[in-house]
Protein chains: 4
Amino acid sequence: MTLGLGLIGTGFMGKAHALAYGSAAAVFGDLAPVRLAQLCDTPVQKARDLGAQFGFAAATDDWRALIANPEVDIVSITTPNALHKEMALAAIAAGKHVHCEKPLALTLEDAQEMEAAARAAGVRTKVGYNYIHNPAVSHARALIAEGMIGKPVHFRGWVDEDYQADPDLPWTWRATRADAGLGTLGDLGCHLVSMSHVLMGEIESLIADTQIIHETRPLPDGSGRAAVENEDTASAIIRYRNGAQGTLCTSRSAWGRKNKLDWEVHGTKGMITFSQERLNELKLYVNEGPRAQQGFRTILTGPEHAPYGAFCPAPGHQLGFGDLKTVEVAGFLRAIAAGEESFPNFTDALEFERVIHAIDTSAREGRRVTL
Amino acid sequence: MTLGLGLIGTGFMGKAHALAYGSAAAVFGDLAPVRLAQLCDTPVQKARDLGAQFGFAAATDDWRALIANPEVDIVSITTPNALHKEMALAAIAAGKHVHCEKPLALTLEDAQEMEAAARAAGVRTKVGYNYIHNPAVSHARALIAEGMIGKPVHFRGWVDEDYQADPDLPWTWRATRADAGLGTLGDLGCHLVSMSHVLMGEIESLIADTQIIHETRPLPDGSGRAAVENEDTASAIIRYRNGAQGTLCTSRSAWGRKNKLDWEVHGTKGMITFSQERLNELKLYVNEGPRAQQGFRTILTGPEHAPYGAFCPAPGHQLGFGDLKTVEVAGFLRAIAAGEESFPNFTDALEFERVIHAIDTSAREGRRVTL
Amino acid sequence: MTLGLGLIGTGFMGKAHALAYGSAAAVFGDLAPVRLAQLCDTPVQKARDLGAQFGFAAATDDWRALIANPEVDIVSITTPNALHKEMALAAIAAGKHVHCEKPLALTLEDAQEMEAAARAAGVRTKVGYNYIHNPAVSHARALIAEGMIGKPVHFRGWVDEDYQADPDLPWTWRATRADAGLGTLGDLGCHLVSMSHVLMGEIESLIADTQIIHETRPLPDGSGRAAVENEDTASAIIRYRNGAQGTLCTSRSAWGRKNKLDWEVHGTKGMITFSQERLNELKLYVNEGPRAQQGFRTILTGPEHAPYGAFCPAPGHQLGFGDLKTVEVAGFLRAIAAGEESFPNFTDALEFERVIHAIDTSAREGRRVTL
Amino acid sequence: MTLGLGLIGTGFMGKAHALAYGSAAAVFGDLAPVRLAQLCDTPVQKARDLGAQFGFAAATDDWRALIANPEVDIVSITTPNALHKEMALAAIAAGKHVHCEKPLALTLEDAQEMEAAARAAGVRTKVGYNYIHNPAVSHARALIAEGMIGKPVHFRGWVDEDYQADPDLPWTWRATRADAGLGTLGDLGCHLVSMSHVLMGEIESLIADTQIIHETRPLPDGSGRAAVENEDTASAIIRYRNGAQGTLCTSRSAWGRKNKLDWEVHGTKGMITFSQERLNELKLYVNEGPRAQQGFRTILTGPEHAPYGAFCPAPGHQLGFGDLKTVEVAGFLRAIAAGEESFPNFTDALEFERVIHAIDTSAREGRRVTL
């Protein structure tokens, strides 16, 4: 079954989707090639130029036309977060499968509306939590499931970047709640929640605090300074339904961190840790054998860690960021072909996003929030 | 001025004190040699044997006799925490200077009583927060003070070990509130607070949670299982008086961690991070120069980082755990000779310990605690 | 100008070429899309299946037919090394551009014949030394050229894997000089020489030794053991034309090493080091500023390090092995379009391969070999 | 049996000896305390001041008087290398035990004379190869002996510092063959040979090259430049008696390296690596268990790795440079008390030093040198 892709957006994630949909079938032998049906951006010339570069059959500046295009089976939404809802609802209404970048929406209410619509329509959905598709992460999940580290009892996660660390960066719409929603929680924090979810399961309740480091930023036109309304850092102490505890921390103002989505799973028999800036490595400690020989093992991913081998048969040669997106896309294509759901769909993503909003609520209201 | 040391206790910390007092004057040229006057432990033969080994002039099993010994100017208390208070109060009453291991006491009330007594008596005091005397930490403080990373705005700290990670470890008195007081907060967490204090200043308030991972442990005599009353992990989200925020986390049940007292100071212009398991390294990121050449610098301590040079004139040759205790002892000896206070004395330590008790209170009462 | 690709081989490198040619134009906006004209492998069904997967228009089991195919402008040769020569000479004779995997051939004489033929025919050539196209490596070259580390005076390089470490691996044709040529020098060592070349320039002479660790291996049919004829390790001490010295070491029997192509460039003012197993990191030490703040900086590659940005606009998100091959392919396509040579062509590769044969010669004859 | 120490020299190594002899008995319970009998340096006031600081009973500027002092049982020689021979021969002639810093002498002939004299006199000797006494190294030896990594087949070692990296450093006597002997081989290289020896056994033959990076240096008085006569770097490819091969490399001009005495032991079943700049860590890879879970284990030394526990009962708390010297001293004291030899004595050290001179010879004469 050849599926046609309509892609809205050509930025960071737009190009990542274009490359991933363009190569997924070549990487994985079990997929029908994707027809790159139509690309949408504004102005239309940009859509045409990048459409040609990426290999799309058509281009437009009208996203509603793209959704209506009968060649389009899957609508991929990579626009600014505030636009996700309207586009997703329209695509769902048109019976298209929807691949939406994270977070689903600026508010939990909007995300709930999107999820309900998708569920009601029965279309397949996928949300761009690409880091959880890393073979290293899948291997960690498998090790935990096998009991390699005993019962998981504690989790620590962090996700830090430095794109808002500079005090002199000008003010933009990203600083507003109305246009951007949450701050670091929406950009980065939800990725961390997705990791916490796949490694530890559901969160029951949490307490949290947030911080605006740079309270105002200079207006780009030099006319003064404007307020930053959303958080630069957030920290939460969580309780999982399974009795474990943990912490989730994020900052978009952490100098030197470029993509530091790190975590530790503490178990009763061992520990696993991971750092996204070294995405091909997993560290594993197991309380086995003579104490004098115990230590954290650095496991380099390789063909033993599916689906690494689809990219490269030699271990330690390393996957990149784009490859993780290709794994995500392949999972979605496979699910559509099979008429099944794939993880994480809108329902799953809604659960992740409940957590970042709960963190925000706890911080604003100074109380424990139960999910 | 030659000072006489009376040391109570010969365990982990007892030996560390003996070695440090025995070598401090040889390492640092500005100190009078210390007279190792008397060692106390039970049974007395143990005190005698180890006294001979460590070079003490006398040995006893009566700590009150040691305090009364006119050859003893400084009383070093390295016994189990529950014994600190009585010994310290007696030493203070006898007009002796007191070097006490951390934490001061099992409860905040006891610590307050000790601090008040020391202050009233005018004796010099010191508490064994040895990690803050690391030249790497001092260098970090100096860099922060110089503005190298701008204004410090966020702190993250962790201190983890695995000595209580094994579910099969038998129950001991250390699991009781009455005999041991706090759990990981008292053993490890207070060290982290001391780091937070020297790097970031005073904490204003916090919210926290704690966790008992192993709720019961087998009794050593095989007669069943008994409850663990104090926490295996603790996590806190803190607000500093200077407006910064941060997190403090500790676990005594973190497999693979042997002495992982790590921290990050996030500034508006850079970041500094440190890991105690690599105690001779400091990592520094500064937003300076071309972006293409920025990165975390790994600084190896050397003679440029006082007082490293007193131990070794060559950089990168590395100090060890014992050397940090020697620096601590030298600072105390220098302060006594000068008739001044040294950091951290009982008053400083009381501030650190207020924080660990605040974490415990917040966790138990489910509310923000203001210090 | 749309170029047509004929790809011979579908193994590790075959698939890597297919993916890279399939995506290069989408990644880089300045390239015409490549027409995946024909794929060759045996049996023909395999070529057909993988041709469909990779997106080739046609498939064959006759490599001569592929070369003769008028839709094929570029012949990509990824077959076992012993087959390179005949195929490359045929492709050159047909006036096709040739992209050949390394090493060119089993013997220096064969490589010379290939290089001479390519030069005489005026076709464009490229050899698969993909690691030198890493943005981290390009950045290192730029830093050296700018004098960031002063004059480069010493080089150390290693390339280790463990695919021949296991003593129980059965004997294969790869153990024979006749069928496989050199051992680790041909598989891995030539990659290291390519790094040495781009970072340090030409080698003047060397002394070397080699070692066969596993002198025999069990025959797959259980009928006994057969001799291993080519080296498991090789080590060389080199003198560069510019007066620098250095060492090159390689092993295919180094347990735990998966792709450890590491190097150090020592300069009169600083040092740069790199490790392929962390291919997105460069370490830089410069003797600048206060000694107390000096240290190796870990630079994470990002959009400042071209052509990283073509894959991802965010730093630290990481390129993978496949991306390096895409950069290689893009360079070749760009050169063909411009009617220019690209690096490394057959002439450049011949220089690299002279070095590995010189190492072999020095080891066998026990004398310094001048290049 | 209380032994009296006479220490000649108060520099880097002099102070290290003073501290180690001063604390060895307190650290290790099985040793009689050492009597710090006499310290020698010039001028005599320096000897007196430092003697008081270090705790010596007497001080002198006459090393012959120190040797003659009946209170002196052990003569510790930490003077510049050119002075070792005369002092050692005199001490041996006086029947004293001799602890000499490495290398024994500037030339092999002198070292041979010293070794023969010591052997003839029957006094106990020890040479300051302190790094081999690291518990991490001893653990590596034990693991190898147990067969943990199979048969050791290849070794790589490096020892680099940067104390001669700066081209602007003034010329000193250390640049002359007559006064300083070898360059980096004598300062650093011999330490590496000691590691190679304890891990791999005896070297049979080698080929080598050396390099003077900074051929002249400015005279301190500004009157011009003078030649550097000894090597800045040296590289050797070695064959061991047991059939293994390897490389030994050293540089005193490697920017950023402070004490990088690193090595790898490649075995048929695994690998062990070590880096002196992280002296409390050992990395171990073993081909055991599922391939998907294999990786280099980072083992932190602790009480399971004797004699770490004599310094600290808690793992991961870390030993320092000075502690390694204390282990060395304890071994010597124990051997003297037992009337036995300890490793490495003059005979062992002579073997190490044969290797560095063989490297020099091979480089100068351009031929394989057999030991």
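Since we're looking at a predicted model, the values are computed, not measured. Labels below follow one simple rule: chain letters A, B, ... track the order of the sequence lines, proteins then strands, and each chain is numbered from 1.
For F56(A), no part sits under 4.5 Å from any heavy atom of chain C, backbone or side chain. In this structure, chain C has heavy atoms under 4.5 Å from both the backbone and the side chain of L279(A). Heavy atoms of Q276(A) lying under 4.5 Å from chain C belong exclusively to its backbone. Heavy-atom distances place no part of P33(A) under 4.5 Å from chain C, backbone and side chain included. Using a 4.5 Å cut-off between heavy atoms, F28(A) contacts chain C through its backbone alone, with no side-chain atom that close.
No other option in D49(C), L319(C), L31(C), D30(C) has as many heavy-atom pairs under 4.5 Å with chain A as L319(C). Between chain C and the options F54(A), Y163(A), F321(A), heavy-atom pairs under 4.5 Å are most frequent for F321(A). Of the listed residues (L19(A), N280(A), T298(A)), the greatest number of heavy-atom pairs within a distance under 4.5 Å of chain C belongs to L19(A). When A310(A), A16(A), G11(A) are compared by the number of non-hydrogen pairs under 4.5 Å with chain C, A310(A) comes out ahead. Among G322(C), A32(C), G302(C), P315(C), the residue with the largest count of heavy-atom pairs under 4.5 Å with chain A is P315(C).
With values rounded to the nearest 0.5 angstrom, D323(A) atom CG is found 10.0 Å from F311(C) atom CZ. Distance check, rounded to the nearest 0.5 Å: NZ of K258(A) to CD of Q318(C) gives 13.0 Å. The distance from atom SG of C312(C) to atom CE of M13(A), rounded to the nearest 0.5 Å, is 7.0 Å.
Within 6.0 Å of the CZ atom in R278(A), the count of heavy atoms belonging to other residues, nucleotides or ligands exceeds 12.
The shortest non-hydrogen separation linking N259(C) to G316(A) is CB-O, 3.6 Å.
With hydrogens and angles disregarded, no donor-acceptor distance shorter than 3.5 Å links the side chain of K15(A) to the backbone of P313(C).
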